Amino acid sequence: MAEENNQYTFENPEYRQTYWHTCSHVMAQAVKRLWPEVKLAIGPSIDEGWYYDLDAPFAFTPEHLEKIEAEMRKICKEKLKLERFELPRAEALKFMEEKGEPFKVELINDLPEDAHISFYKQGEFTDLCAGPHLDSTGRIKGNALKLTACNAAYWRGDSNRETLQRIYGIAFPKKEELEAYIQRIEEAKKRDHRKLGKELGLFMLREEGPGFPFFLPKGMVLKNTLIDYWRQVHKKYGYVEISTPIILNRQLWERSGHWDHYKANMYTTVIDDEDYAIKPMNCPGGMLVYASEPHSYRDLPLRVGELGLVHRHELSGALHGLFRVRCFTQDDAHLFMTQEQLKDEIKNVVKLFDEVYSVFGLSYTIELSTMPEDHIGTVEQWEHNQNILKEAITEMGKEFEVNEGDGAFYGPKLDFHLADSLGRTWQCGTVQLDSQLPERFELEYTGEDGQKHRPVMLHRVVLGSIERFIGVITEHFAGAFPAWLAPVQVKLLPITDRAAEYADQIAAQLDEAGFRVEVDSRNEKVGKKIREATLEKIPYMLVVGDRDMENQTVSVRLRSGEDLGAMSLAAFQDMLKQAVDSKALN
């Protein structure tokens, strides 16, 4: 393996995954050397590094992880050759039974009778594995690996099975790359929206409602400002807004296909002896709105937006701040059109996405998700719709990757993965092309020929969910929201008691002008007030004292620490208005 060959660098995703997968075997070997009684489950590579699930008679601590790391470095220095071999299923079972590895035995038992099972051997250690792997443990740089966490995990993801311990790790070809990664992770911890949400008084999560966030006053200002912008941009792009019920009957969900394809994630109830479900998505209600009145080709395209509150039953272990919740506001839209209008409407949606994401300084990549196994509709329909999505996005000069088999059960989709200021990606926007629900709900329009026709439909969200997007931008901006979004835009900091009345007058004028302002009239030193306002991530601080009263000025400081000096209130208001109206990022 020539390291200088680009095929064998971290630029190549396949090599990167192979490197990390080999690291998982090195980690398992280290664990077995230190504690032979530990049982091995599975150890795949993941998007960043690897993990290995282990069954140990003790809880792994940070001290245990340090010992494992040290042993891993020894194994790397030993430059053990990785050798692949196969055994018939019966011999493979006997081999793992003799090693006392019950989880491996279970995995082998699930394979066909005539299967030849592959293993990888390195020194005294052998593991069940399909591969591939590096040719030697010496390829791994021992000084550039780190075990990052240890969490509980259910065997095979089943909460009724054994609880294992999952150790995560990361490694790079160079120590400098590991150090840069660790620095990025530390920065991400500082930006954790759960931490900032508490510190900035945005939202809270309580045991009384796992996965059901509480928005606090400042969080509601942020949420409503975001929604106001959503409404503004959708009006510009020709959308109308509706609201549909949260609870609808079983027959509706059977008709839409959700009862068969999504019931495990739905909350259900019984009303008047009839089954109902709390909506996990807004689509069926949108179908009923369209079907409530006749439509002509002159009405199309019809762009219908909805900020719908939806509920989904997520596993408790999957809940994560605002990123994975059980109740959220989906910024939905359903677009009804003729087949001829379809491509232009896809482009129009993407233009809207471009405008919205640029306001937040977010770039994106696009993924085309194709037909899944549990699809409804014909293969021909799917292929036609997938090609339309491809053509529209290609004609806009945009690139995309294909995500095979991950479309919605009713149609292919374009997923938009946003990159934040740390380079992390978040799947937020999506455009889904649906020929199925219009058919199931018998939607129609009268064509130019006077005949009835079936409209084509796009489902799309731009933010994904209001709550999750708030989590994303909280971490993207590290809580330092642009002035137009900041829950408090200006804080008045009077130096003396005499200046406090002047500060109140200024605050009243700013409030009257439509700005969000607070006054810190506490009997504290101004340095402390400035520090605390800076920690609160408030964009502008106006320090006012006796001289400002005399001169009718304000002394302006930014949360960055920059002191803009004294200026008239009118000049400050003009500056603030410009920042807010332009939605400036700084």
Side-chain angles (χ1 to χ4, degrees), residues 13 17 46-49 184 188 191-194 211 213 226 230 261-262 265 280-283 307-308 310-315 317-334 346 349-372 374-375 385-386 389-390 392-393 396 398-434 458-477:
Q17 292 298 313
I46 52 178
D47 287 344
E48 287 194 339
R184 181 163 65 88
R191 293 167 177 255
D192 190 315
H193 74 284
R194 295 167 298 181
L226 197 59
W230 185 93
H261 293 267
Y262 207 76
N265 292 90
M281 49 201 59
N282 301 305
C283 323
L307 293 164
V310 301
H311 293 72
R312 298 180 183 179
H313 179 55
E314 302 285 358
L315 295 175
L319 300 176
H320 180 76
L322 297 180
F323 290 159
R324 183 63 67 89
V325 292
R326 289 169 168 163
C327 170
F328 56 92
T329 308
Q330 194 165 49
D331 69 310
D332 234 330
H334 299 101
I346 294 169
V349 169
V350 176
K351 288 175 184 174
L352 184 151
F353 284 13
D354 283 340
E355 179 169 334
V356 171
Y357 297 150
S358 66
V359 164
F360 299 95
L362 296 164
S363 60
Y364 63 76
T365 56
I366 303 173
E367 199 171 65
L368 171 66
S369 297
T370 59
M371 187 176 70
D374 65 339
H375 68 275
N385 289 346
Q386 286 165 187
L389 290 173
K390 286 179 186 178
I393 209 73
M396 295 185 76
K398 296 182 182 293
E399 298 179 352
F400 63 89
E401 293 185 3
V402 177
N403 184 14
E404 294 287 355
D406 201 38
F409 68 86
Y410 48 76
K413 58 179 180 169
L414 296 171
D415 288 327
F416 290 70
H417 297 265
L418 307 185
D420 69 10
S421 55
L422 292 183
R424 299 170 301 177
T425 58
W426 312 91
Q427 197 275 302
C428 290
T430 188
V431 183
Q432 303 173 353
L433 205 174
D434 188 355
L458 293 176
H459 306 250
R460 50 107 291 197
V461 294
V462 55
L463 305 181
S465 91
I466 301 296
E467 290 76 6
R468 185 169 183 267
F469 194 75
I470 286 173
V472 170
I473 61 174
T474 298
E475 299 201 1
H476 174 58
F477 292 118

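Residue indices begin at 1 and follow the sequence shown. A quick note: this is a predicted structure, and the numbers were derived from the prediction, not measured.
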Quiz item: CZ/Arg326 to NE2/His313 distance, rounded to the nearest 0.5 angstrom?
Solution: 6.0 Å
Self-check item: Aromatic ring pairing Phe469/Phe360, orientation class (parallel under 30°, perpendicular over 60°, tilted between)
Solution: perpendicular
Exercise. Would you name the heavy atoms of Leu368 and Leu389 that are closest together and state the gap between them?
Key: CD1-CD1, 3.9 Å
Exercise. Using the six-membered ring wherever Trp is involved, compare the ring planes of Phe323 and Trp426 and label them parallel, tilted or perpendicular (cut-offs 30° and 60°).
Key: tilted
Quiz item: Got Lys398 and Leu414 here, is their nearest side-chain heavy-atom distance under 4.5 Å?
Solution: no
Self-check item: Separation between CD1 of Ile470 and CD of Glu467, rounded to the nearest 0.5 Å
Solution: 6.5 Å
Quiz item: Once the angle between the rings of His320 and His193 is folded into 0 to 90°, is it parallel (under 30°), tilted (30 to 60°) or perpendicular (over 60°)?
Solution: perpendicular
Self-check item: Distance (rounded to the nearest 0.5 Å) between Thr430 OG1 and Arg460 CZ
Solution: 10.5 Å
Quiz item: If every non-hydrogen atom of Gly407 is compared with every non-hydrogen atom of Ser369, which pair is closest and at what distance?
Solution: N-CB, 3.7 Å
Self-check item: Smallest separation among heavy atoms of His476 and Arg191, with atom names
Solution: O-NH1, 2.8 Å
Exercise. Decide yes or no on side chain to side chain contact (heavy atoms under 4.5 Å, CB included) for Phe328 and Val310, but give the supporting numbers first.
Key: CA-CA 6 Å; Phe328 56 92; Val310 301; 3.3 Å; yes
Practice problem: With rounding to the nearest 0.5 Å, note down the distance linking CD in Glu367 to CD in Gln427. | Solution: 8.0 Å
Quiz item: His334 and Cys283: which non-hydrogen atoms are nearest, and at how many Å?
Solution: NE2-CA, 3.4 Å
Quiz item: Which heavy-atom pair separates Pro213 from Cys327 by the least distance, and what is that distance?
Solution: CD-O, 4.0 Å
Self-check item: Note, His459 side chain near Lys413 side chain (heavy atom, < 4.5 Å)
Solution: no
Self-check item: Main-chain N/O of Thr370 paired to Glu404 side chain as donor or acceptor, under 3.5 Å
Solution: no
Self-check item: Donor-acceptor contact below 3.5 Å, side chain Tyr364 vs main chain Asp415
Solution: no
Self-check item: Distance-minimising heavy-atom pair for Ala419 and Leu362
Solution: O-CD2, 3.6 Å
Exercise. Taking Asp331 for its side chain and Leu463 for its backbone only, find out whether a donor-acceptor pair lies under 3.5 Å.
Key: yes
Self-check item: Side chains of Phe416 and Val431 in contact at under 4.5 Å (non-hydrogen atoms)
Solution: yes
